[in-house]
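Structure first, commentary second.
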Amino acid sequence: MRPARKKGAERKNGEHAMSTTGLVNRSGIAIAADAIDAFAAGLAGRVIRPADADYDSARRIWNATIDRHPGLVVRPLGTADVIAAVTFARQHDLLVAVRGGGHNVAGRGLCDGGLVVDLSLMRGVLVDAASRTVRVQGGATLGDVDRETHLHGLAVPTGVVSRTGIAGLTLGGGVGWLVRKHGFTCDNVLAFELVDASGEHRTVSATEHPDLFWALRGGGGNFGIVTSFTFEAHPVKTVLGGLIVHARDQAGAVLRYYRDFMKTAPLELTAYAALLTTPDGHPAVAVIPCWCGDMAEGERAVAPLRQFGSPLMDAVQPMPFPVMQSMLDDAFQDGTRNYWKSTFVKALDDDAIDTLVGHANRMTSPLSAVVVEFYAGAASAVGPAETAFAQRQAEYDIGFMAQWTDPAEDATHTAWARAAWDAMQPFSSGGFLLNFLSEESPDVIRAAFGSNYDRLAELKRKYDPTNFFSLNQNIKTAA
């Protein structure tokens, strides 16, 4: 067990003083061990305490810059356990973090001194092929979903890294390889099962609690713990995808061609671009297409991208959709250090391209990347007020993803991402994709929710008036 700190000892990163039990309330007062024992005895799942052998693994996520020490990690086996955890936390005035897949770059699935509700044991996926619907528990990853849906020739529009948690991705919007044809992940939700701040279980859909249904589709973790999602799935089994890689000195020309090409690309084609370093250490620019329609038509549609310039590598080929979904997994290894910044831009004009290429050329970590994502299509056909996710009209999102391994280099790589982000602000639409940010000021959070912020604040007051769920892209309760 970690020794208790002496009174008045310095607290790192806002960490609570650790008691002998590890668990403290919001005032820093230790929760008695017998209260924790009684709570644990009533669970079907388990609790992990600071003295347990697996505590250190339970408090780690993939981003190694996040180093927090929860007082208790609760791993529910079902909704009843989640209700019990929320009730216990309310009784003892505990800070609560909710962990799904643990892939959130800001590390909001962990806290210091408080209670973590870790859904990682709740990973069930149930496919109804006849209705093309999928029920997914809140701890599932994208890979869990793809594994089951693929058996039926179906797919849910999700993200691009298979280890990402479905819950955080969906609640923040959700962008991936099917976005142009089938919209954001949140656009494909039919229902939620939710435990709210009072510990009440709610079924939320277009007909049950429709105001909350609106808020959960892009409003983040502000309104409760989602124990399961019901998604609409689409007939997608084999896609045409892969990487087209060019030398970095061709970046300006490649990005200009990519921009112009995507303006008229069919909705079946989603393609992202990235400035990165190849595994053998060469700076490069890549275009990554994913075609989700007829293969022969796809070959014709993607051909101009493959024929442009003189690629160093063209690995585009038909592949099972789960292979496409996991193609980038190795670029986001567990245990690396990450700091991300991103912004939507009004238009990817030549000056914007020159600016992002210039900053990409200043990257000093071979693990870092600049990512350009184009969303226009089904996602932008939805009105900004139809769901809580308001950023519908900005076609491009630019991400500066600093990644490295040596803690001594934290300041260097964080400064690079911040400087690149600052340089892109003249081109910014003023909107942000919150799932892509390591830190957010209140102004950035308000801008991300845009014209929907005030309505979200009213719903926060209705469903979580004490801000029980505060470790998220937090919406302040309306007066």
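Since the model is a prediction, treat every value here as computed from it, not as a measurement.
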[X] and [Y] aromatic centres sub-6.0 Å:
X: F389; Y: F184; answer: yes
X: W404; Y: Y339; answer: no
X: F213; Y: H209; answer: no

Is D54 salt-bridged to R46, going by a charged N under 4.0 Å from an acidic O? yes
One thing to verify: whether R60 and D334 come together as a salt bridge, which I'm taking to mean a side-chain N less than 4.0 angstrom from a carboxylate O. no
Test your reading of the model: is there a side-chain donor-acceptor pair from [X] to the backbone of [Y], 3.5 Å cut-off?
X: Q391; Y: A448; result: yes
X: N63; Y: V105; result: yes
X: Q403; Y: A331; result: yes
X: T343; Y: F432; result: no
X: N452; Y: A388; result: yes
X: D330; Y: L328; result: no

Stepwise side-chain contact (heavy atoms from CB on, under 4.5 Å) check, V96 with V117: CA-CA 7 Å; V96 172; V117 181; 4.2 Å; yes
Indicate whether the side chain of [X] and that of [Y] have a donor and an acceptor atom separated by less than 3.5 Å.
X: S326; Y: D329; value: no
X: D118; Y: S120; value: yes
X: T477; Y: N467; value: no
X: N222; Y: D464; value: no

Using salt bridge (charged side-chain N to carboxylate O under 4.0 Å, His left out) as the criterion, list what pairs up with D52, not counting sequence neighbours. none
Audit row: Y272, W177, ring pair (Phe, Tyr, Trp, His ring centres under 6.0 Å) steps and yes/no: CA-CA 9 Å; Y272 300 151; W177 297 120; 5.0 Å; yes
Geometric cation-pi criterion, R90 with F468: 6.0 Å, 45°: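 Because its charged atom sits under 6.0 Å from the ring centre and within 45° of the axis, R90 does stack over F468.
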Tell me whether the NZ or CZ atom of R455 lies within the 45° cone about the ring axis of W214 and under 6.0 Å from its centre.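 Judged by the rule, R455 and W214 form a cation-pi pair.
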Verdict with reasoning, F436 to W340, per ring pair (Phe, Tyr, Trp, His ring centres under 6.0 Å): CA-CA 6 Å; F436 270 33; W340 296 3; 5.8 Å; yes
Can you list every side chain to side chain donor-acceptor pair (under 3.5 Å) pair that touches residues 230-240, not counting sequence neighbours? H182-H234, N188-H234
Could you go through the side chain to side chain donor-acceptor pair (under 3.5 Å) check for Q137 and S228 one step at a time? CA-CA 4 Å; Q137 286 188 299; S228 76; over 6 Å; no
Steps toward side chain to side chain donor-acceptor pair (under 3.5 Å) verdict (T79, T227): CA-CA 6 Å; T79 299; T227 58; 3.2 Å; yes
Please evaluate residues F374 and R259 with respect to the criterion side-chain contact (heavy atoms from CB on, under 4.5 Å), reporting the C-alpha separation (whole Å), side-chain torsions for both, the decisive distance (0.1 Å), and the verdict. CA-CA 9 Å; F374 180 70; R259 172 199 63 196; over 6 Å; no
Using 30° and 60° as the class limits, which term best fits the ring planes of F231 and F229: parallel, tilted or perpendicular?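 Rings of F231 and F229: parallel, as their planes differ by under 30°.
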Assess whether salt bridge (Lys or Arg N to Asp or Glu O under 4.0 Å) is satisfied between R446 and D454, documenting all intermediate values. CA-CA 9 Å; R446 178 177 282 273; D454 290 342; 3.6 Å; yes
Could you walk me through whether K462 and D211 satisfy the salt bridge (Lys or Arg N to Asp or Glu O under 4.0 Å) test, starting with their C-alpha distance in whole Å, then the side-chain angles of each, then the deciding distance to 0.1 Å, before giving a yes or no? CA-CA 10 Å; K462 177 180 179 180; D211 57 348; 2.7 Å; yes
For R392 and D187, run salt bridge (Lys or Arg N to Asp or Glu O under 4.0 Å): C-alpha distance rounded to whole Å, both residues' side-chain angles, the deciding distance at 0.1 Å, then the answer. CA-CA 11 Å; R392 298 283 180 172; D187 298 334; 2.7 Å; yes
Decide side-chain contact (heavy atoms from CB on, under 4.5 Å) for R418 and W421; before the verdict, give the C-alpha distance in whole Å, the side-chain angles of both, and the deciding distance to 0.1 Å. CA-CA 5 Å; R418 288 174 174 163; W421 185 84; 5.7 Å; no
